[in-house]
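First the structure, in the form of structure tokens, and then the observations on it.
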Amino acid sequence: MCGREVARQSAQEIVDAVEALPEGSRLLILSPLVRGRKGTHQAVLDEIRKAGFVRARVDGQVYSLEDEIQMDRYKIHTVEAVVDRLKIQAAETRLMSRRPAHG
């Protein structure tokens with residue numbers, strides 16, 4: 001977690017930010033599922049496992065969905081599905097900027 005505020009960005013703003021990263025940087029594409037809620041959230045993990053995801057980030061830590069992920073039901077948690085993992089390479093960012101935006 002980088003501590004920066006998250007705000008809405010256009011597709012071009014996202015491409016520009018990725019292009020500004022040094023070559024070799026790694027980043028995760030995440031889908032938020034649970035934000036700051038108490039519980040074990042096992043149903044959420046089961047659902048994303050069934051949907052074909054293989055990793056989840058729980059409270060800032062990435063886990064394989066093959067592992068048993070324990071969460072204290074009385075503590076607040078954040079759960080995100082790991083959609084993709086990328087390593088920045090110069091040729092990839094040029095291709096990324098040419099992709100059509102879906103929305």
Side-chain angles (χ1 to χ4, degrees):
M1 300 208 293
C2 64
R4 285 184 281 169
E5 184 176 332
V6 176
R8 182 178 293 242
Q9 297 178 342
S10 69
Q12 189 58 50
E13 288 172 323
I14 294 168
V15 169
D16 292 344
V18 170
E19 285 179 339
L21 294 171
E23 190 167 336
S25 295
R26 296 176 184 266
L27 58 105
L28 295 175
I29 307 297
L30 302 168
S31 176
L33 302 169
V34 175
R35 291 185 187 170
R37 292 180 51 207
K38 293 179 183 179
T40 62
H41 307 294
Q42 289 304 311
V44 172
L45 296 174
D46 290 342
E47 196 64 34
I48 63 173
R49 193 177 291 118
K50 287 178 190 173
F53 290 92
V54 295
R55 290 177 191 78
R57 188 167 80 168
V58 177
D59 300 330
Q61 178 74 35
V62 177
Y63 296 92
S64 168
L65 289 172
E66 292 179 0
D67 299 336
E68 188 171 328
I69 302 169
Q70 298 290 324
M71 287 182 261
D72 186 325
R73 69 182 277 194
Y74 298 109
K75 291 188 178 177
I76 294 174
H77 301 285
T78 297
V79 179
E80 301 151 309
V82 176
V83 176
D84 204 354
R85 299 179 306 161
L86 303 172
K87 182 175 180 182
I88 302 303
Q89 296 177 354
E92 287 179 1
T93 57
R94 285 193 302 275
L95 291 174
M96 188 173 144
S97 65
R98 290 189 222 133
R99 291 184 186 162
H102 297 285

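Hydrogens, waters and symmetry mates play no part in the numbers below; they use all other heavy atoms, side chains included.
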Margin query: I'd like to know if Val44 and Val54 are part of one continuous hydrophobic network [Ile/Leu/Val/Met/Phe/Trp/Tyr, side-chain heavy atoms within less than 4.5 Å].
Written below: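 Different clusters: Val54 never reaches Val44 through Ile, Leu, Val, Met, Phe, Trp or Tyr contacts under 4.5 Å.
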Checklist line | Same cluster (ILVMFWY, side-chain, under 4.5 Å), Ile76 and Leu45 | finding: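 Hydrophobic grouping puts Ile76 apart from Leu45.
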Next item on the list: Tell me who clusters with Leu30, hydrophobic residues only, linked when side chains sit under 4.5 Å apart either directly or through other members.
Entry: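 Same cluster as Leu30: Leu28, Val62, Val82.
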Margin query: Per the salt bridge (charged side-chain N to carboxylate O under 4.0 Å, His left out) rule, what does the pair list look like for residues 39-51, sequence neighbours excluded?
Written below: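 Pairs touching residues 39-51 that pass the test: Asp46-Arg49.
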Notebook entry, point to check: Do any pairs count as a salt bridge (charged side-chain N to carboxylate O under 4.0 Å, His left out) and have a residue in residues 66-78, sequence neighbours left out, and if so which ones?
Noted result: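 Salt bridge (charged side-chain N to carboxylate O under 4.0 Å, His left out) check on residues 66-78 returns no pairs.
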Check: Taking only residues two or more places apart in sequence, or in another chain, which ones meet His77 in a side-chain hydrogen bond (donor to acceptor under 3.5 Å, both in side chains)?
Finding: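 side-chain hydrogen bond (donor to acceptor under 3.5 Å, both in side chains) check on His77 returns Asp59.
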Notebook entry, point to check: side-chain hydrogen bond (donor to acceptor under 3.5 Å, both in side chains) with Arg37: which residues, sequence neighbours excluded?
Noted result: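 Here no residue qualifies.
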Next item on the list: Please confirm whether the backbone N or O of Ile69 pairs with a side-chain atom of Gln42, one donor and one acceptor, at under 3.5 Å?
Entry: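 Yes; at least one donor-acceptor contact below 3.5 Å.
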Notebook entry, point to check: Among all residues two or more places apart in sequence or in another chain, which pass the salt bridge (Lys or Arg N to Asp or Glu O under 4.0 Å) test with Arg85?
Noted result: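 Arg85 satisfies salt bridge (Lys or Arg N to Asp or Glu O under 4.0 Å) with no residue once adjacent residues are dropped.
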Checklist line | Separation between CD1 of Ile48 and CD of Glu80, rounded to the nearest 0.5 Å | finding: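 Reported to 0.5 Å precision, the distance equals 10.0 Å.
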Notebook entry, point to check: Looking at Gln70, Met71, His41, which one forms a side chain to side chain contact (heavy atoms under 4.5 Å, CB included) with Val58?
Noted result: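 When side chain to side chain contact (heavy atoms under 4.5 Å, CB included) is applied between Val58 and each of Gln70, Met71, His41, only Met71 qualifies.
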